[in-house]
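Since the structure comes first, as structure tokens, the remarks are kept for the end.
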Amino acid sequence: MAAHPLIAPSLLAADFSRLRDEVTAIERAGADWLHLDVMDGHFVPNITFGPLVVRALRPHTRLPLDAHLMIAPADPYVAAFAEAGADHISVHSEAGPHLHRTLQLIRSLGKKAGVVLNPATPIEAVVNVLDLADLIMVMTVNPGFGGQAFLASQLPKISALRRLIDDSGRDIILQVDGGVTHQTVPAILAAGATCLIAGTAVYGAADYAAAIAALRAGGR
């Protein structure tokens with residue numbers, strides 16, 4: 001595992017009236033990635049943005065763009081997000097009939113492929129696709145809204161995935177998304193996560209750089 005976790009602030013918590021400035025500010029503040037929550041109002045109960053916004057932001061940051069597709073079906077839109085400039089594309093195991101094929105598609109486009117597990121989704125959903133997964137994301141809230149409270153019931157799942165990844169010998173990034181704050185980070189890192197996705201904990205702070213540094217330091 002990395003000595004310090006990757007920090008991926010979620011654009012969902014940014015000021016949408018000034019997205020370019022918010023992206024620039026988060027890069028200057030020391031973020032590792034920029035997390036993009038894509039919601040369709042169907043798979044999850046909210047609507048955010050699509051590939052056009054990703055394409056518009058791509059020239060304004062050198063940060064890897066980490067696209068989390070909370071959409072169903074996901075397959076018809078994978079190429080559009082790849083072409084728009086997303087570097088990582090993660091899908092939910094329930095968002096299509098053939099997860100293996102979806103991950104193959106993402107990787108065929110030269111992008112890192114991720115699998116997202118909802119709170120009720122067991123780790124068995126990824127066991128047979130580990131060879132195609134660059135990222136595994138554990139949702140520690142139910143997807144669809146920012147600012148929800150962390151579900152501590154997901155900590156054993158994070159720990160189980162940490163063991164699964166280690167046993168596989170593969171360099172898979174283990175992400176946690178939902179209720180990530182300075183208070184919950186110690187337990188998340190202790191469980192074995194290597195990438196923290198934080199929305200309000202960063203974009204809701206007066207000092208983005210200080211918020212990112214504190215998360216990277218384990219909440220201290």
Side-chain angles (χ1 to χ4, degrees), residues 1-8 10 32-40 43-44 51 54 63-143 151 154-178 180 188-189 191-198:
M1 291 185 291
H4 298 286
L6 296 166
I7 307 299
S10 171
D32 296 296
W33 297 352
L34 180 64
H35 187 73
L36 305 173
D37 287 304
V38 180
M39 306 180 189
D40 65 356
F43 185 70
V44 294
V54 179
L63 292 177
L65 299 183
D66 184 44
H68 172 193
L69 303 189
M70 288 172 268
I71 64 177
D75 286 13
Y77 301 96
V78 166
F81 281 96
E83 292 165 5
D87 298 284
H88 320 145
I89 300 176
S90 295
V91 297
H92 287 253
S93 61
E94 301 89 353
H98 306 295
L99 177 60
H100 190 279
R101 179 175 293 158
T102 303
L103 298 178
Q104 284 182 315
L105 171 61
I106 295 169
R107 289 167 69 96
S108 75
L109 296 168
K111 308 300 180 179
K112 291 187 181 298
V115 181
V116 187
L117 302 182
N118 283 330
T121 307
I123 66 171
E124 284 75 16
V126 301
V127 167
N128 293 314
V129 294
L130 282 181
D131 59 322
L132 292 173
D134 299 294
L135 312 94
I136 298 174
M137 184 192 306
V138 176
M139 293 298 299
T140 43
V141 297
N142 284 293
L151 296 175
Q154 300 305 297
L155 288 169
K157 181 189 290 184
I158 299 169
S159 297
L161 285 165
R162 178 75 269 152
R163 293 191 294 272
L164 182 68
I165 291 169
D166 290 346
D167 290 346
S168 77
R170 299 199 66 243
D171 186 18
I172 299 172
I173 293 170
L174 181 53
Q175 299 177 289
V176 171
D177 184 1
V180 175
I188 293 169
L189 295 180
T194 54
C195 178
L196 304 174
I197 298 163

Considering all heavy atoms of both residues, which atom of [X] and which atom of [Y] are nearest to each other, and what is their separation?
X	Y	value
Pro73	Pro76	O-CD, 3.7 Å
Leu65	Gly85	CD1-O, 3.8 Å
Val78	Leu109	CG1-CD1, 3.7 Å
Cys195	Ala8	SG-CB, 4.2 Å

Quick check on [X]: does its [atom1] atom have over 12 non-hydrogen neighbours (other residues, nucleotides or ligands) under 6.0 Å away?
X	atom1	result
Tyr77	OH	no
Asn128	CG	no
Arg170	CZ	yes

N/O donor-acceptor pair under 3.5 Å between [X] side chain and [Y] backbone:
X	Y	value
Asp177	Thr140	no
Lys157	Thr121	yes
Lys111	Ala86	yes

Drop me the distance from [X]'s [atom1] to [Y]'s [atom2], to the nearest 0.5 angstrom.
X	Y	atom1	atom2	value
Phe81	Leu36	CZ	CG	8.5 Å
Ile197	Ser10	CD1	OG	7.5 Å
Trp33	Ile173	CH2	CD1	3.5 Å
Arg162	Ile123	CZ	CD1	12.5 Å
Ser168	Leu161	OG	CG	10.5 Å
Leu196	Asp32	CG	CG	9.5 Å

Between [options], which is the residue that forms a side-chain contact (heavy atoms from CB on, under 4.5 Å) with [X]?
X	options	answer
Met70	Asn118, Val116, Val44	Val44
Ile89	Leu103, Asp66, Leu69	Leu69
Ile158	Leu189, Ile136, Leu174	Leu174
Asp75	Val91, Thr102, Ile106	Thr102
His88	Lys112, His35, Met137, Gln175	Lys112

Could you tell me whether the side chain of [Y] reaches within less than 4.5 Å of the side chain of [X], counting heavy atoms only?
X	Y	value
Thr194	Pro5	no
Leu130	Leu164	yes
Leu99	Arg101	no

- Query: If you measure from the Lys or Arg side-chain nitrogens to the Asp or Glu carboxylate oxygens, is any gap between Asp134 and Arg107 under 4.0 Å?
  - Reply: yes
- Which class fits the ring pair His92 and His68: parallel under 30°, tilted 30 to 60°, perpendicular over 60°?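 Plane angle under 30°, so parallel.
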- Query: Step by step, would you call Asp167 with Arg163 a salt bridge (charged side-chain N to carboxylate O under 4.0 Å, His left out)?
  - Reply: CA-CA 6 Å; Asp167 290 346; Arg163 293 191 294 272; over 6 Å; no
